[in-house]
Amino acid sequence: MTLRIGNASGFYGDRFDALREMLTGGELDVLTGDYLAELTMLILGRDRLKDPGAGYARTFLRQLEECLGLAHERGVRIVANAGGLNPSGLADRIRELADRIGLPVRVAHVEGDDLTPLHPGSLAAHAYLGGFGIAACLREGADVVVTGRVTDAALVTGPAAAHFGWGPADYDRLAGAVVAGHVLECGTQATGGNYSFFQEGDVRRPGFPLAELHEDGTAVITKHPGTGGFVDVGTVTAQLLYETQGARYAGPDVTARLDTVRLTQDGPDRVRISGVRGEAPPPTLKVGLNRLGGFRNEVVFVLTGLDIEAKAALVRQQMEPALAKAAEVRWDLVRTDRPDAGTEEAASALLRLVVRDANQEIVGRALSGAAVELALASYPGFHVLAPPGKGSPYGVFEDVYVPHGSVDHVAVLHDGRRLPLAPAQETAVLDDPPTPPLPEPLPEGPTRRAPLGLIAGARSGDKGGNANIGVWARTDEAWRWLAHTLTVDRLRELLPETAELPVTRHDLPHLRALNFVVEGILGEGVAAQHRFDPQAKALGEWLRSRHLEIPEALL
């Protein structure tokens, strides 16, 4: 008995037509949509300040206007976390839509994640719930289930638990569904999108992924026939490493052991996931806190031609009086210039100034006025990429943890009944497992200085203020070299931005992979825009571009 679960959204703003594409492209039992991220919760929180009836992903409702009838006709159930901060409000809007177009659709929602009243000063404080609220809605006949903040994988574990009758203690089965859900959650990242070796397939318009789940917790990741992109062990490995930390991948229902995952190619565009072991969840639930941190502004000065360093020093000295009162000032000189360049752009460097303060005036008019006044009074060739604005608010994300029992997890059914979900009865403190033994090193031989990316893939992402960089080898021989070569110290050498930060390495030999967690590199999270790449999306690709001595036998 197979349950086919597809995904039609990896974030709020993903391909609008994906819902229709997935419903018409092949067989499905359940279609999921992941619309929430740390930044999205902040955006929805600001929406709700303006309109108390808002707070959900409006895109999802517009997609249903086109596709709800199609899903009903094909018997596909829809599960999405598009409810955001207001799942009951979205459920009501969907019911109104169904009534308007004359469809007998049963809509349920899950609530209990909202802990904002308990955290004064936060714009949104929401616990990450598990999948059993979704399962309860589906078991009671819901055709559409919308949730607030659940874990991304819960969109898969909930339907799987409902379909196969799994209980809270079926840890291995639940863990298998968590791994499948983690692969699906970011949509086309599992089918060649954002993939290190993207040139190995046609990724101009990747199809969205689906999972064929089995009662024992195993799954096959695939996609609809004829859709773009490709699914292989590499694309699935890349997504498995995305935004993870150690070998224990914790959630509210189960802790999945990523060090037990085994991937095998099961045919064209088919990758089998097996061997996943699960353990009791940790005793606490993660709560994401979003608050407004103040205001930020930035100016990018363009420095062209000769004397780049001297030009940068001059404008910094000229701007100092206007910046004296700012709480945080950051200058970054990006040497994109080349000597004897054939175009003006290639001869130019960028000097980026970012200012933050609780007072909008300090980062707004005072900054922009000082920058504009330098137009005829600074370095030769003075100009900026864009005029500075009045300053914009920025957000801060942090996570805290609460006991399972402090959250009222409730499934609200289509007929208004409310089914409370019991908290986890068995928990286990989350510790890192013992470090697995390293493989035998490669024998000595000639080496050549070359980019790491010739023999290894990488995928990186954000978790609050931290970033992860997952690196995997494509062959057993490359893994033997990578496991011994890419130490924490070597990573710090290759990525100097990490040199002063705490870095932890986790080994995942079944995936031929290493996962590095870099603490604090993103400051106070994506909404704070702390660095050039605020979500660390390209941190892994930077690492792949770095040169080191690689055995010629691997090249």
Salt-bridge test for [X] and [Y]: reply yes if a basic N is under 4.0 Å from a carboxylate O, no otherwise.
X	Y	result
R149	D152	yes
E440	R480	no
D17	R15	no

Practice task
Scan residues 459-478 for pairs that pass salt bridge (charged side-chain N to carboxylate O under 4.0 Å, His left out), counting only residues two or more places apart or in two chains.
Solution key: E200-R474, D476-R512

Exercise for the section: Take atom CD of Q265 as the centre, draw a 6.0 Å sphere, and report whether it contains more than 12 heavy atoms from other residues, nucleotides or ligands. Expected result: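 Counting neighbours around CD of Q265, more than 12 heavy atoms of other residues, nucleotides or ligands fall under 6.0 Å, so yes.
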
Short side-chain to backbone donor-acceptor contact, [X] and [Y], under 3.5 Å:
X	Y	value
D170	L174	no
R74	L23	yes
R248	A250	no
E38	G288	no
S9	F11	yes

Exercise for the section: May I have all residue pairs that pass ring-ring contact (aromatic ring centres under 6.0 Å, His included) and include part of residues 535-555, sequence neighbours excluded? Expected result: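 Non-adjacent pairs meeting ring-ring contact (aromatic ring centres under 6.0 Å, His included): zero.
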
Handout entry: Contact list for residues 158-187, test ring-ring contact (aromatic ring centres under 6.0 Å, His included), sequence neighbours left out
Key = F164-W166, H182-Y249

Close side-chain approach of [X] and [Y], heavy atoms under 4.5 Å:
X	Y	result
V271	V220	no
R77	D29	no
Q239	T235	no
I455	I550	yes

Handout entry: Cation over ring face, K286 and Y128, 6.0 Å, 45°
Key = yes

Scan the side chains in residues 190-197 for donor-acceptor partners under 3.5 Å anywhere in the protein, sequence neighbours excluded, and list what turns up.
{"from": "T191", "atom 1": "OG1", "to": "T188", "atom 2": "O", "distance (Å)": "3.2"}
{"from": "T191", "atom 1": "OG1", "to": "G207", "atom 2": "O", "distance (Å)": "2.6"}
{"from": "N194", "atom 1": "ND2", "to": "Q189", "atom 2": "OE1", "distance (Å)": "2.9"}
{"from": "S196", "atom 1": "OG", "to": "A458", "atom 2": "N", "distance (Å)": "3.1"}
{"from": "S196", "atom 1": "OG", "to": "A458", "atom 2": "O", "distance (Å)": "3.0"}
{"from": "S196", "atom 1": "OG", "to": "E541", "atom 2": "OE2", "distance (Å)": "3.0"}

Going by distance alone, is a donor N or O of one side chain under 3.5 Å from an acceptor N or O of the other, for [X] and [Y]?
X	Y	value
T244	N515	yes
D34	N7	no
T255	E279	no

Handout entry: Smallest separation among heavy atoms of L44 and G84, with atom names
Key = CD1-CA, 3.9 Å

Handout entry: L438: side chain to side chain contact (heavy atoms under 4.5 Å, CB included) partners, not counting sequence neighbours
Key = A483, H484, R505, D507

Fill in the blank from the handout: Applying ring pair (Phe, Tyr, Trp, His ring centres under 6.0 Å) to Y35 and not counting sequence neighbours gives F60

Practice task
Decide yes or no on side-chain hydrogen bond (donor to acceptor under 3.5 Å, both in side chains) for T487 and D489, but give the supporting numbers first.
Solution key: CA-CA 5 Å; T487 62; D489 287 341; 5.3 Å; no

